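Remarks on the structure that follows.
No experiment lies behind these values; they were computed from the predicted model shown. Numbers for residues simply follow the sequence, beginning at 1.
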Amino acid sequence: MSPSSPFAYVVSNFSETDLATLIRNLEPKTLPETYVFCSVENANYGTLAHASPLASFAEAEGLTLVLTRESADEEGLAYEGTFRCISLQVHSSLEAVGLTAAVTGELAAHDISANVIAGYHHDHIFVPSRQAESALRLLETMS
């Protein structure tokens, strides 16, 4: 993008790769919404854009959407379980080794499932709603 573009912005190129530093600086934060995972057969990207999915992933079986429970209910989409998203505020590199394993390993040791989505700047862990508070405390304890 050119500097004169209305979408120009400054992005820090620094992202952390050192596992000890990443864990020390996790700063987990629970997002306020309740999320669900849905699969829509024969759907293309953008098919349900008006439902504002947080994430989507194309699989052979259908388009997986991560969206608020409210949006899924409004669209009449089926889902199993509800999840809360814990966003790690540390700016982790996409090439960092071990962060996902450390976080999911800690949660697994306490019988908490974790579905991880890595964004460009942060990792986001979706845990069952009923275990969100426990998961947040465990992640806070790690850092």
Side-chain angles (χ1 to χ4, degrees), residues 1-75 77 79-110 112-143:
M1 279 182 245
S2 70
S4 62
S5 166
F7 300 106
Y9 53 91
V10 176
V11 175
S12 168
N13 289 328
F14 178 75
S15 55
E16 187 60 58
T17 58
D18 179 68
L19 182 58
T21 302
L22 288 166
I23 291 173
R24 187 173 51 253
N25 295 300
L26 286 179
E27 294 184 47
K29 175 184 172 186
T30 305
L31 300 183
E33 299 285 348
T34 298
Y35 294 94
V36 298
F37 288 70
C38 303
S39 181
V40 183
E41 290 183 34
N42 302 314
N44 297 314
Y45 284 110
T47 300
L48 288 167
H50 64 274
S52 300
L54 185 63
S56 60
F57 194 89
E59 298 180 285
E61 300 83 359
L63 182 64
T64 296
L65 298 174
V66 179
L67 62 168
T68 65
R69 177 178 53 192
E70 181 181 343
S71 292
D73 289 343
E74 287 174 5
E75 295 298 325
L77 298 172
Y79 53 87
E80 297 177 22
T82 60
F83 300 85
R84 297 295 304 277
C85 179
I86 300 174
S87 179
L88 305 180
Q89 299 304 296
V90 64
H91 185 176
S92 56
S93 168
L94 291 169
E95 296 185 11
V97 175
L99 180 60
T100 300
V103 168
T104 59
E106 181 67 19
L107 295 174
H110 292 87
I112 300 174
S113 70
N115 296 283
V116 180
I117 296 177
Y120 185 85
H121 297 284
H122 307 286
D123 290 283
H124 310 279
I125 300 96
F126 291 83
V127 298
S129 294
R130 69 184 183 287
Q131 296 176 303
E133 288 181 34
S134 296
L136 180 64
R137 282 194 303 273
L138 286 168
L139 296 178
E140 287 172 338
T141 301
M142 283 181 72
S143 50

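Counting heavy atoms from C-beta outward, Leu67 and Leu48 have side chains that stay 4.5 Å or more apart. A heavy-atom distance below 4.5 Å is found between the side chains of Tyr79 and Asp73.
The side-chain contact (heavy atoms from CB on, under 4.5 Å) check on Val116 picks up Thr100, Thr104, Asp123, Ile125, with sequence neighbours excluded. Residues meeting the side-chain hydrogen bond (donor to acceptor under 3.5 Å, both in side chains) test with Glu59, sequence neighbours left out: Thr64.
How far CG of Asn115 is from SG of Cys85: 10.5 Å, rounded to the nearest 0.5 Å. Taking OG1 of Thr30 as the start and CZ of Arg84 as the end, the distance is 6.0 Å to the nearest 0.5 Å.
Between Ser56 and the choices Val40, Val66, Leu63, the side chain to side chain contact (heavy atoms under 4.5 Å, CB included) rule is met once, by Leu63.
Among pairs with a residue in residues 123-143, those fulfilling ring pair (Phe, Tyr, Trp, His ring centres under 6.0 Å) read Tyr35-Phe126, Phe37-Phe126, at least two apart in sequence or across chains. Pairs passing the side-chain hydrogen bond (donor to acceptor under 3.5 Å, both in side chains) check and including a residue from residues 37-53, sequence neighbours excluded, read His50-Glu75.
A donor-acceptor pair under 3.5 Å links the side-chain atoms of His122 to the main chain of Val90, judged by distance alone.
In terms of heavy-atom proximity, His91 sits nearest to Tyr120 at NE2-O, 4.1 Å. Of all heavy-atom pairs spanning Ala51 and Ser71, the tightest one is O-OG, 3.3 Å.
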Side-chain donor-acceptor contacts of residues 19-28 below 3.5 Å, not counting sequence neighbours, with atom names and distances?
from  : atom 1 : to    : atom 2 : distance (Å)
Thr21 : OG1    : Asp18 : OD2    : 2.7
Thr21 : OG1    : Arg24 : NH2    : 3.2
Asn25 : ND2    : Thr21 : O      : 2.9

Report, one line per pair, each donor and acceptor closer than 3.5 Å where one atom sits in a side chain of residues 127-143; sequence neighbours left out.
from   : atom 1 : to     : atom 2 : distance (Å)
Ser129 : OG     : Thr82  : O      : 3.2
Ser129 : OG     : Thr82  : OG1    : 2.9
Ser129 : OG     : Phe83  : N      : 3.3
Gln131 : NE2    : Asp111 : O      : 3.1
Ser134 : OG     : Arg137 : NH2    : 3.4
Thr141 : OG1    : Arg137 : O      : 2.8
Ser143 : OG     : Glu140 : O      : 3.2

